[in-house]
Amino acid sequence: DFGLMSYDPAYMNTAECKSTITYIDGDKGILEYRGYPIEQLAEHSSYLEVAYLLIYGDLPNKERLDWWRNRISRHTFIHNNLVELIQAFRYDAHPMGILISCVSAMSTLFPEAKDVDDPAVREKQIWRIIGQVPTIAAYAYRNRIGRPFNQPDNSLSYTANLLYMMDYMNQRDYQVNPVLAKALDVLFILHADHEQNCSTATMRGVGSSRVDPYSSLSAATAALYGPLHGGANEAVLRMLQQIGNVKNVPDFIDRVKKGEGRLMGFGHRVYKNYDPRAKIIRKVAYEVFEATASNPLLEIAVELERIALQDEYFIARKLYPNVDFYSGLIYQALGFPIEYFPFLFAIPRAAGWLTQWLEMLDDPEQKIMRPRQVYLGAARRDYVPLEQR
Ligand code: SDX
């Protein structure tokens, strides 16, 4: 009889928190940032404006939005040590490994990194991370294809600048397709924050030790990398490629129902209804394919969804498409290699991670993250000398 240790409930609650940032109703499929419905933000706002909303708590007026854009654009260039670090990786190194390393390395480049109690220092660290993560993505891609780096063009929007820095042919007159830049901006809005998911809880947990935000964000990025979390968008594309043809969908569904695999991009810890983000992304996917070329994998995804939504196995388990089900198809249409899909989740989520980190630091009730356990191991016993074992 191990007896469940009696423990102070306060200990168990270090993993929980009170928050004013994002509201989710998993049964109704509701998602709101600072009270604004995600549907309205996706239609009317921009990613940078939503990042401001998350961090400062309300929509900016024109003066503040211009100020915010100027703050971020002054931080899009990366330190030469990061350029050298990116070039030290093999050309085919997974970009999430590069991002985890580069953001962690940022904690060694800025001497004030340890000073998390100074609001002015925190704000500058936030500008720097939001400004530089797209540049790290672009440089990692250019290193992968063996082409020179395109310096950031701060006359472009946040997402257009990313597309420009990644452009394949290094054309001087490269024109970013506005439909594609807008589609990426909507995707970034939808990925910006999502309450206490695995990677955000990691950001808060690591940050609760009062380490610098670069080290915390590097840990959060590692959590997001997992195929059950942000890595799912990459896994969905590989699943669709593996299915290969619409006529193979029924067999694939049968294998999933036998437990021989998962329908990646379906299911959610919180949403037991259609992920509101997936509805918007599905619409964006059709708009993007009108502006680019149709993708046979979209037909497979639509058929997978059609069958799964009617099938008792998925209905009984409340499995619906989540944010990752259609997003990879759009990234592929924008020309991103599959390995970059989780990176495209991390770039916008940086704003959410940093907002949650700020809220955690300012919460007087928040102690260092220290969940307890229920001990089920061996009862107390005496050491046994080697010759008696
Ligand atoms: C994200 O938390 C967040 O907010 C995350 C996120 C964010 O914005 O930060 O929304 C982003 O991570 C979205 C999720 C992306 N992951 C995937 O698409 C991977 C595939 N999905 C699953 O692995 C799963 O649905 C999870 C991990 C998302 C949720 O897992 P849960 O809630 O622990 O589900 P579960 O394992 O308790 O499932 C209950 C049942 C099980 O079957 P039984 O054992 O009861 O028979 O549903 C089954 C599971 O086997 N199941 C699936 C399934 N997901 C769950 N069966 C087939 N395919 C799936 N995708």
Side-chain angles (χ1 to χ4, degrees), residues 24-31 94 96 183 187 190-191 194 197-199 223-290 292-345:
I24 296 175
D25 182 320
D27 294 327
K28 295 181 186 152
I30 291 173
L31 170 58
H94 197 290
M96 285 298 269
L187 283 171
L190 297 173
H191 284 82
H194 211 240
N197 56 84
C198 178
S199 53
L224 187 74
Y225 188 5
L228 293 189
H229 193 9
N233 54 23
E234 178 179 350
V236 167
L237 246 292
R238 297 192 191 286
M239 171 188 75
L240 295 175
Q241 288 173 333
Q242 178 208 354
I243 293 170
N245 187 299
V246 173
K247 64 179 187 318
N248 300 333
V249 167
D251 285 350
F252 176 81
I253 291 281
D254 287 343
R255 286 202 304 278
V256 168
K257 288 160 69 175
K258 286 182 201 142
E260 293 168 13
R262 284 208 156 191
L263 179 46
M264 300 310 276
F266 258 66
H268 199 276
R269 275 319 274 130
V270 176
Y271 289 126
K272 300 308 175 186
N273 197 327
Y274 212 105
D275 184 331
R277 300 168 296 177
K279 280 184 190 163
I280 299 168
I281 293 175
R282 191 175 193 270
K283 189 163 118 345
V284 171
Y286 281 102
E287 290 163 7
V288 165
F289 290 124
E290 274 172 34
T292 54
S294 70
N295 183 337
L297 297 180
L298 177 62
E299 196 188 354
I300 296 172
V302 170
E303 181 64 1
L304 270 172
E305 178 186 357
R306 187 188 67 78
I307 294 179
L309 293 184
Q310 295 170 357
D311 188 296
E312 191 45 38
Y313 176 94
F314 298 92
I315 295 168
R317 292 165 176 80
K318 297 187 176 183
L319 301 176
Y320 293 88
N322 61 48
V323 67
D324 293 305
F325 191 62
Y326 286 105
S327 54
L329 287 164
I330 296 173
Y331 296 144
Q332 192 177 50
L334 296 182
F336 291 105
I338 287 183
E339 294 80 5
Y340 274 78
F341 295 1
F343 208 130
L344 293 163
F345 194 142

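One-based numbering along the sequence shown.
When each of Leu298, Asn295, Val249, Leu297 is tested with Leu240 by the rule side-chain contact (heavy atoms from CB on, under 4.5 Å), just one qualifies, namely Leu297.
At least one side-chain heavy atom of Phe252 sits under 4.5 Å from a side-chain heavy atom of Leu304. Contact of the Lys257 side chain with the Asp311 side chain is registered, since non-hydrogen atoms from C-beta on lie closer than 4.5 Å. Under the 4.5 Å side-chain criterion, counting only non-hydrogen atoms from C-beta, Arg262 is not in contact with Val256. Within the 4.5 Å cutoff, the side chain of Leu187 has no heavy atoms near those of the Tyr326 side chain. In this structure, the side chains of Leu329 and Phe289 come closer than 4.5 Å at one or more pairs of heavy atoms. Residues Phe325 and Arg282 fail the side-chain proximity criterion, which asks for heavy atoms closer than 4.5 Å. Contact check for Leu224 versus Met96: side-chain heavy atoms found under the 4.5 Å cut-off. Annotation: side chain of Ser327 is not in contact with side chain of Val284 (no heavy-atom distance under 4.5 Å).
Ala308 and Leu263 get closest at one heavy-atom pair: CB-CD2, 3.9 Å. Taking all atoms of both residues into account, the shortest heavy-atom contact from Met264 to Pro227 is CE-O, 3.4 Å. Looking at every heavy atom in both residues, Gly244 comes nearest to Ile300 through C-CD1, 3.5 Å. Taking every heavy atom of both residues into account, Tyr274 and Glu305 meet most closely at OH-OE2, 2.5 Å. Minimum heavy-atom separation, Gly231 to Pro342: CA-CG, 4.0 Å. Closest of all the heavy-atom pairs between Asp324 and Ala232 is OD2-CB, 3.6 Å.
A donor-acceptor contact shorter than 3.5 Å is absent between the side chain of Asp25 and the backbone of Ile30. Formation of a donor-acceptor pair under 3.5 Å by the Asn322 side chain with backbone atoms of Gly265 is found in this model. The backbone N or O of Gly328 sits nowhere less than 3.5 Å from a side-chain atom of Asn233 that would complete a donor-acceptor pair. In this structure, the side chain of Asp251 does not engage the main chain of Asn248 through any donor-acceptor pair within 3.5 Å. With hydrogens and angles disregarded, no donor-acceptor distance shorter than 3.5 Å links the side chain of Asn273 to the backbone of Gly29.
Scored by the ring pair (Phe, Tyr, Trp, His ring centres under 6.0 Å) test, Phe341 finds Tyr331 as partners (sequence neighbours excluded). Remark: Glu339 pairs with Arg144, Arg238 by the salt bridge (charged side-chain N to carboxylate O under 4.0 Å, His left out) rule, at least two apart or across chains.
Atoms NZ and CG, from Lys279 and Leu190 in turn, are 13.0 Å apart once rounded to the nearest 0.5 Å. Between the CD atom of Glu260 and the CZ atom of Arg255 there is a distance of 7.0 Å, given to the nearest 0.5 Å. Here Leu334 contributes atom CG and Leu344 contributes atom CG; the two are 8.0 Å apart, rounded to the nearest 0.5 Å. Atom NZ of Lys28 sits about 14.0 Å away from atom CD1 of Ile24, to the nearest 0.5 Å.
In the displayed structure, Glu299 atom CD is contacted under 6.0 Å by at most 12 heavy atoms of other residues, nucleotides or ligands.
Ring orientation note: the planes of His229 and Phe345 are nearly perpendicular, at an angle over 60° on the 30°/60° scale. Note on ring orientation: taking the six-membered ring where Trp is involved, the planes of Tyr271 and His268 are tilted (angle from 30° to 60°).
Remark: Arg317 fails to qualify as a cation-pi partner of Phe314 under the 6.0 Å distance and 45° angle criteria applied to the six-membered ring.
A donor-acceptor pair shorter than 3.5 Å cannot be found between the side chains of Glu234 and Tyr225.
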Subject >> Full working for side chain to side chain contact (heavy atoms under 4.5 Å, CB included) between Gln241 and Ile338 >> reply: CA-CA 11 Å; Gln241 288 173 333; Ile338 287 183; 3.4 Å; yes
